Every structure is written in structure tokens, then in C-alpha cells.
Amino acid sequence: MSSSEGAPESWISSFCSLMGHEFFAEVSEDFIEDDFNLTGLQSQVPMYKEALEMILDVEPEDEDEEEEEEDEEEDEDEILGDEKPAGYRRAGDRRHARVASDLSVIESSAELLYGLIHQRYITSRPGIQQMLEKYEMQHFGVCPRVHCNGCKVLPVGRSDTPGQETVKLFCPSCQDLFTPPNSRFHSVDGAFFGTTFGCLFFMTFPDLDIGPRLDSSLSAMSPNRASSLASMNNQVSPDIPMPGQPAEINGVRTVNFCPGLGIGKVYESRIYGFRVSERSRSGPRMRWLRMKPTNIVELNEALRYEGLHGPADNDGDTEMGPSLGSAQNSAIAKRKKAPMRRRRLNPDQMSINGTEG
């Protein structure tokens, strides 16, 4: 394979350009050549050395030795003459047969090895930066939920072990997983992306805007939108934040806290305009999974804990609850002052060394 300029294309570039491999990032060769980044992979991949040489486009080291063996056996053929034993094959024929049989195994091992390396690469600084560029260009698609309004998704895995499940798409707007709509991604292993990448990505880039991608002004003026807003029983509109909301909590922007969930973001079953009761068989199920508090401060668990127990000092005690800390300290002091129980010596019993006690 070669590019349009005539230069040979690398194995990594050709692998990432295959149909169904659009989610993959091109791992740099410097990352692969660092032995620290490949720790523990040798025991998981069969024919590890050959697969690594294929990924890096390195020629096998034993070609010269095989050529020498082939020359020696050709010399023996000349000595033997035309008569050859039954089942005899020249060294070149045996080598080509072995390569043809092992090539498919090496190729599959190289794909497995590259996938496991890719899982580690996208959690590194250059790898996650490369995935950010693909995310902003919407290479991974958007969330299929209507209330997420076209939020961009990320490829993730539900297991770090190969062969468990295929790749899934994670939506930061509703915190849910979806199967890729295109069937060409259904054969991609989810372990090649891992369980860490999705959350680490949004912690690394907390300023990403994961809000609605559609025109909110047009959607707000539509009759369906107006009727849904009017039927909220005078509740606060999800598009209008409550006054006094903090800009961020624990380093995360509050506008990125599940914008696809909460009031007005849950489908309500209706018949001729009347809501279907939750007790009905055809009524909504587990609506609490889609709910979100109106006041975002309720999600700040650290602030709630300080409001109940007071801020903790360096000694572990709290300002509003010193009785709790003093009770713990007194219990520790009692354990320290408790006398140690010693074993009584029996004069009639021999000691361990064989002498009398």
C-alpha cells in the first residue's frame, strides 16, 4: 500500500484508515517504542514480538539466518543429485509455507496489540489531545436522545479485558451508553478504548460545552415546546437557571452537569393530553433515573457535609461537632491505656528451648 505521493504507508495509518476504525487515534511510534508503555502486554498477546515488528514496520531479524540455511540446503541438493527422498521440500518452500500460515495469526495479534496500546495511549497527554480534535470535529457522532439535542458522544468500553463487549458511545448530557448506530462499529472491541477514557476526558477538559447543539431559539418558539413548558405545573424551566447558582462545583462547570436530564427532559406518556398514571402497566418506569435537582447546589456533597458536621480541621475534629471527635479520641485513649494480657507461666511446663520454665 502506498500513498498518493508514492511513499509507503505505515501499518498504523493503514489500520486506522480501514472502514470501521474511524474511532481509533494514530498512536505515535515513540509511544510504542517505550517499553514502559507496553508493560504487561507480552503475556496477553500471542506472537508478541512478531506483532510488534509488524506494527512498527520492522523487518524480521532472522531473514539472514534463514537465507544461510537455504543456501546450505541447496548445496546439499547438488550433492544428492536428482534423487530426492519422498516428501522432500526445499528450504525456501518451507519458509514461504510457514510465513503464509503465520501471517494471518500475526495480523490478528498485531490488531489486538495495537488495540491494547491504543487503550493506554488515549489516556496520555498526546493521545487525549488527539481524541479532543476528533471529538470537536464530531467524528464519533451525537447522542440519539431527543432531549440531549445533538450532544457529541465519546467511544468507551465497559470492560478493559479484550473479547468481553464491543465499543459503546457515552453521552455526557444524559450520562448513558448507546450502541453505535452504524453496524461497521459493532465488531470493534470496547477494551481498545477502556473504562477510564470517558470520565478522564471530561475531567481533563472541563471547559467543553456539552449543551444543546441545535438552535435553542427556534426550538423554544415551537408550539410543541411551548405546550411542554406550559404543562410543567408552574415549575422552573430547565433552560432558565435558578438565581444564585455557582459557576462551578469541585472544579466542574455546573452548566455541564447532565444538561439532558431534569425537569422537561423526561418523556411523559399522554393519551388525548392526559398523563398516564405511573401505576398503570403502560405508564413510565424508573423516571428517577432521568431526574435532576433544580438547585444544582444539592449535588455538592462536600458542602452538605460541612453544613451538617462543620469544616474539619487538621486533627480530624470538626468545628460544629467536637463531641464526635472527642468521643473518638477518648476511645483511642482507652485502648492505649488498657493493660496487656500476658500468658501465665506454668513451672511444671518446659519452655520452648527445652529448659525448665
Side-chain angles (χ1 to χ4, degrees), residues 1-3 6-74 76 88-131 155 157 159-167 185 187-197:
M1 293 177 290
S2 61
S3 61
E9 187 179 14
S10 64
W11 186 93
I12 298 177
S13 300
S14 61
F15 176 81
C16 295
S17 61
L18 294 176
M19 181 177 294
H21 292 177
E22 290 84 356
F23 291 169
F24 286 93
E26 293 191 11
V27 183
S28 62
E29 294 185 357
D30 296 336
F31 184 87
I32 301 176
E33 291 174 353
D34 190 352
D35 295 336
F36 178 78
N37 299 326
L38 309 183
T39 303
L41 298 182
Q42 187 171 2
S43 59
Q44 303 182 36
V45 180
M47 304 187 72
Y48 171 83
K49 181 180 178 181
E50 292 80 0
L52 185 61
E53 291 176 350
M54 177 176 288
I55 293 175
L56 296 176
D57 298 321
V58 177
E59 296 294 334
E61 299 177 354
D62 55 349
E63 281 190 356
D64 297 336
E65 298 179 357
E66 291 180 352
E67 290 178 359
E68 292 178 359
E69 293 178 358
E70 183 178 353
D71 295 338
E72 292 178 358
E73 294 192 2
E74 286 179 356
E76 293 179 358
Y88 176 81
R89 288 191 306 173
R90 299 180 61 180
D93 299 336
R94 292 198 302 269
R95 181 168 62 88
H96 290 303
R98 180 180 62 83
V99 170
S101 61
D102 295 344
L103 186 59
S104 60
V105 180
I106 297 175
E107 183 71 25
S108 60
S109 299
E111 294 179 0
L112 174 61
L113 178 59
Y114 182 81
L116 295 177
I117 296 175
H118 181 269
Q119 176 195 135
R120 302 181 179 186
Y121 177 71
I122 59 178
T123 57
S124 63
R125 179 172 297 181
I128 204 169
Q129 187 69 33
Q130 189 174 346
M131 296 297 282
S159 175
D160 294 328
T161 304
Q164 298 293 330
E165 287 196 18
T166 57
V167 65
F185 300 112
S187 60
V188 179
D189 201 319
F192 295 165
F193 298 88
T195 58
T196 304
F197 168 67

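Note that this is a predicted model, so its numbers are computed, not measured. The figures that follow rest on heavy atoms only: side chains count, while hydrogens, waters and symmetry mates do not.
Here the closest non-hydrogen pair linking A51 and S109 is CB-C, 3.7 Å.
L41 has its side chain within reach of I117: a pair of non-hydrogen atoms, C-beta onward, lies under 4.5 Å apart. Inter-residue side-chain proximity for L56 and I32 is flagged as met; some heavy-atom pair is nearer than 4.5 Å. Inter-residue side-chain proximity for L38 and Y48 is flagged as met; some heavy-atom pair is nearer than 4.5 Å. With a 4.5 Å cut-off on side-chain heavy atoms, I128 and F197 count as touching. Counting heavy atoms from C-beta outward, L112 and P162 have side chains that approach closer than 4.5 Å. At a threshold of 4.5 Å between non-hydrogen side-chain atoms, the residues N37 and R120 do not count as touching. For the pair E26/S13, a side-chain contact is recorded, criterion being any heavy-atom separation below 4.5 Å from C-beta on. Two residues are said to be in side-chain contact when any heavy atoms from C-beta on lie closer than 4.5 Å; V45 and L52 fail this criterion.
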Quiz item: Is there a side chain to side chain contact (heavy atoms under 4.5 Å, CB included) between V167 and D189 once you walk through the steps?
Solution: CA-CA 6 Å; V167 65; D189 201 319; over 6 Å; no

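The side chain to side chain donor-acceptor pair (under 3.5 Å) check on Y121 picks up Q130, with sequence neighbours excluded. With sequence neighbours excluded, the residues forming a side chain to side chain donor-acceptor pair (under 3.5 Å) with D160 are T195, listed by chain and number.
Counted by atom type alone, S17 and S14 present zero donor-acceptor pairs between their side chains at under 3.5 Å.
Put simply, CZ on F15 and NE2 on H21 are 4.0 Å apart, with the number rounded to the nearest 0.5 Å. Between S124 atom OG and Q129 atom CD the span is 10.5 Å, to the nearest 0.5 Å. A distance of 12.5 Å separates CD1 of I12 from CE of M54, quoted to the nearest 0.5 Å. A distance of 5.5 Å separates CD1 in I106 from CD in E50, rounded to the nearest 0.5 Å. To the nearest 0.5 angstrom, L116 atom CG is 9.5 Å from T161 atom OG1. Atom OG of residue S104 and atom CD of residue E107 lie 9.0 Å apart, to the nearest 0.5 angstrom.
Of the possible donor and acceptor atoms, one in the side chain of E22 sits under 3.5 Å from a partner among the backbone N and O of G20.
Between H118 and F192, a ring centre-to-centre spacing not shorter than 6.0 Å is recorded.
Ring planes of W11 and Y114: perpendicular class, angle over 60° (limits at 30 and 60°). A perpendicular orientation is assigned to the rings of F193 and F23, their planes being inclined by more than 60° (bins at 30° and 60°).
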